Amino acid sequence: MKYYVTTPIFYPNSSPHIGTAYTTIAADALCRYRRMRGDEVYFLTGTDENAQKIVRTAEALQQSPKEYIDEVVEKFKEQWEAFAVTHDDFIRTTEERHQKVVQRIFQQLFDQGDIYKSEYEGWYCTPCETFWTESKLAEGKCPNPDCGREVELLKEESYFFRLSKYQEELLTYIREHPEFIQPISRRNEMLRFIEGGLEDLCVSRTTFQWGIQVPFDPKHVVYVWLDALINYISALGYPDGEKYKKYWPADVHLMGKDIVRFHAVIWPIILLALKAPLPRVVYGHGWFMSKEGGKISKSRGNAQNSFELIDRYGSDAVRYFLLREMLPGADGTYSEDNLVERLNSDLANDFGNFVSRTLAMIEKYRAGILPEPGPDTEVEREIQALALEIKAKVEQCWEAFDPAGALEQIWRLVSRANKYVDETAPWDLIKQKDQAERLKTVLYTCTECIRLLQLFLAPFMPGVPAKIAALIQHNADADHLDWEDTGRWRVLTPGTQIRKGESLFPRVDLSQWEGEPVTAAENTAPDAGAAVAELSEAAAIPETPEFEPLKEEISMDDFAKLDLRVVKVIRAEKVEKTDKLLKLEVEMAGELRTVVSGIAGHYQPEELIGKAVILVANLKPVKLRGIQSQGMILAASHGSLLEVLGVDKELPGGARVK
Ligand code: ME8
């Protein structure tokens, strides 16, 4: 059977981190399991490169978008390699093979009347790359509960996609296909959302050029989500590529809950309009949260450097932790303490210890030769039955995209096997002459359990099978394991030379690193939503920003000399032939003033319009690039970060800041 699995294509506006890693590792584990079953798996991941926020981040770093993304994309590829991810393809949406398909689909949808030209007036959240109507905003900000950032008012000529036309067809489809959106909580959420009514979606932009051009109207670029979703078929060579014919529809699109809405509404409607089959399953897992409660993300600065984590604990242990910790329909908690605890208890104590004690006994009692077992007794039959039961349960968990559930099942075998050793006490059996046969059965059975665990754990920890193969001389071709072997019993060949080897998972102690947790993910890519850069035109972006030293003390009178006022930005435009300067027109108690501000690297002019910001109103005017600048806008900056200060409620232009 063919089996097509995808991850989201990630925005390369930040380095990969443990959150983005989760989806890809979960997809990899699923693919590995499916390959063991003999399925013809196709596994796609990639990067989503035509987003506006990419341009902003690149600008803030004074790089061209292409130069910038090429670097970050390399990091993604390195991360997947370090985590032993076995994707078959990595698609980048700046590749021609993708762009062609997007243009073709845009043209077709336009030709058949599903896309039409009109004018968009509404709000755009750049960090989320999402359009919002006024009524959906939360107190004027992005309503996405994880965002809440400023939105920009857009008014531009745009193309629209007739989502509303397909609303009923989509609802019928979802109702008739209970497996389509999973888990059930997300399905219910989506049904409510669609039943609330779909509005046509703005699918083009004219205010910037970065993106895929609308083929028949090149001043427009295609809205990034329409472009991004199409990756799932452009990578297969839609519409007539061999891979498309073979693998589409996808068996599962895996993703975090944040983007289920796009995959459960826009994507199926594109496919309905193209008369192409819909994916079998859209699965939205929860988020990894930090111990303090926030989502793990680059913009919150709580994302650990995953390369450093792998160096410390090994890729298998980090994979195990992530896959074990995310329960279906819930969020997971990430902390290095939890990771160490799981590693020590599950991997070192339970699993690793079972393997070492078994093999050490074979070495000690049987000179390292796997004995010929005597007849199974009730307890061995019970373990065999348990293994069969676990096999069936693990299969069900994989069907339900629940790796944590599968691991929980597998650990029933680990626990039972440890208990078996304790109950049968081989160290006593060796002392009793009439128990020689029994001892052989026990040692053989324990080694059979190691073989079963080698197979069960292979999808989760791809390094484990080869390590075990070296010890028990079985399944040497660790890349071609057969899932059906988990249902067989007494497979190992007696007489095999066993090696005790090193312990599979040595215990670790955080104090090994002097209690220092792994550092935050490298900040090569500041979050675009936080609008970044330097205030002064000449200042370079420091690698590791230092806080500026405090200035000398001043008196209250000195401070009172400053006249700080709230002003409203009425107009904003770039100062020609500069990268850094914006010319702002601001209103203060009915008076208009012109101010030149060095923030163009951090804000698009249109982002500032309507904002209430703070002006040093009694600063002697200066001429900058021939423009008289009447005051200075306040902004806070640190390293490459910069934010203009402002007020966000009802204060009018002219209000005094004291
Ligand atoms: O949304 N916990 O890209 P993105 C779990 N380009 N998963 C997390 C996570 C966390 N804390 N943080 C991120 C985009 N993720 C679009 C997708 S697809 C056609 C376009 C994972 O870089 C999770 O899979 O913001 C989430 O959905 C995805 O990263 C968002 O990645």
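Computed from heavy atoms alone, side chains included, the values below leave out hydrogens, waters and symmetry copies. Whatever order the structure lists ligands and atoms in, that order sets their numbers, starting from 1. Everything quoted here is computed from the prediction, not taken from an experiment.
- Atom CD1 of I230 and atom CD1 of I91 lie 10.5 Å apart (nearest 0.5 Å).
- In this structure, the protein non-hydrogen atom closest to atom 17 (C) of ligand 1 is I9 O, 3.2 Å.
- Scanning the protein for heavy atoms near atom 29 (O) of ligand 1, the closest one is F10 CE2, 3.3 Å.
- The closest protein non-hydrogen atom to atom 8 (C) of ligand 1 is G19 O, 3.2 Å.
- Using a 4.0 angstrom heavy-atom cutoff, Y232 counts as in contact with ligand 1.
- A cation-pi arrangement is found for R205 relative to Y124, the charged atom lying closer than 6.0 Å to the ring centre and inside a 45° cone about the ring normal.
- Aromatic pair F76/F90: ring centres not closer than 6.0 Å.
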In residues 266-283, what donor-acceptor pairs under 3.5 Å come from side-chain atoms, sequence neighbours left out?
residue : atom : partner : partner atom : Å
W267    : NE1  : H253    : NE2          : 3.1

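- Looking at heavy atoms from C-beta onward, D251 lies in side-chain contact with K2 at the 4.5 angstrom threshold.
- Minimum interatomic distance between G332 and M326 (heavy atoms only, all atoms of both residues): N-SD, 3.6 Å.
- With respect to atom 14 (C) of ligand 1, the closest heavy atom belonging to the protein is Y11 CE1, 3.4 Å.
- Looking at atom 1 (O) of ligand 1, its nearest protein heavy atom turns out to be I259 CG2, 3.5 Å.
- The shortest contact between atom 24 (O) of ligand 1 and any protein heavy atom is with T23 OG1, 2.6 Å.
- Among protein heavy atoms, atom 11 (N) of ligand 1 sits closest to I296 O, 2.8 Å.
- Ion pair K257/E189 not flagged as a salt bridge, since none of the NZ, NE, NH1 or NH2 atoms sits closer than 4.0 Å to an Asp/Glu carboxylate oxygen.
- Residue H17 places a heavy atom less than 4.0 Å from ligand 1.
- Here the CD atom belonging to E399 is positioned 9.0 Å from the CG atom belonging to L30, to the nearest 0.5 angstrom.
- Under a 4.0 Å heavy-atom criterion, H285 is in contact with ligand 1.
- Using modelled atom types, one side-chain atom of E129 and one backbone atom of Q52 make a donor-acceptor pair closer than 3.5 Å.
- With ring centers used as reference points, Y232 lies under 6.0 Å from H263.
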Could you give the side-chain donor-acceptor pairs of residues 237-245 under 3.5 Å, partners two or more places apart or in another chain?
residue : atom : partner : partner atom : Å
K245    : NZ   : D240    : O            : 3.4

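- Between S297 and ligand 1, not a single N/O pair is under 3.5 Å apart.
- Near K295, with a cut-off below 4.0 Å to any heavy atom, the atoms of ligand 1 are 9 (C), 11 (N), 12 (N).
- Against a heavy-atom cut-off of under 4.0 Å, D48 is close to the following atoms of ligand 1: 6 (N), 16 (C), 20 (C).
- The contact set between ligand 1 and A228, taken as ligand atoms under 4.0 Å from a residue heavy atom, comprises 19 (C).
- Distances between N or O atoms of P8 and those of ligand 1 include no value under 3.5 Å.
- With a heavy-atom cut-off of 4.0 Å, D258 touches ligand 1 through its side chain alone.
- Selection from F288, F76, Y334 by nearest heavy atom to atom 5 (C) of ligand 1 gives F288.
- Residue contacts with ligand 1: G286 is included, with a non-hydrogen atom under 4.0 Å away.
- Only the side chain of W225 comes within 4.0 Å of ligand 1, judged by heavy-atom distances.
- Here CD of Q209 is found 10.5 Å from NZ of K219. Values are rounded to the nearest 0.5 Å.
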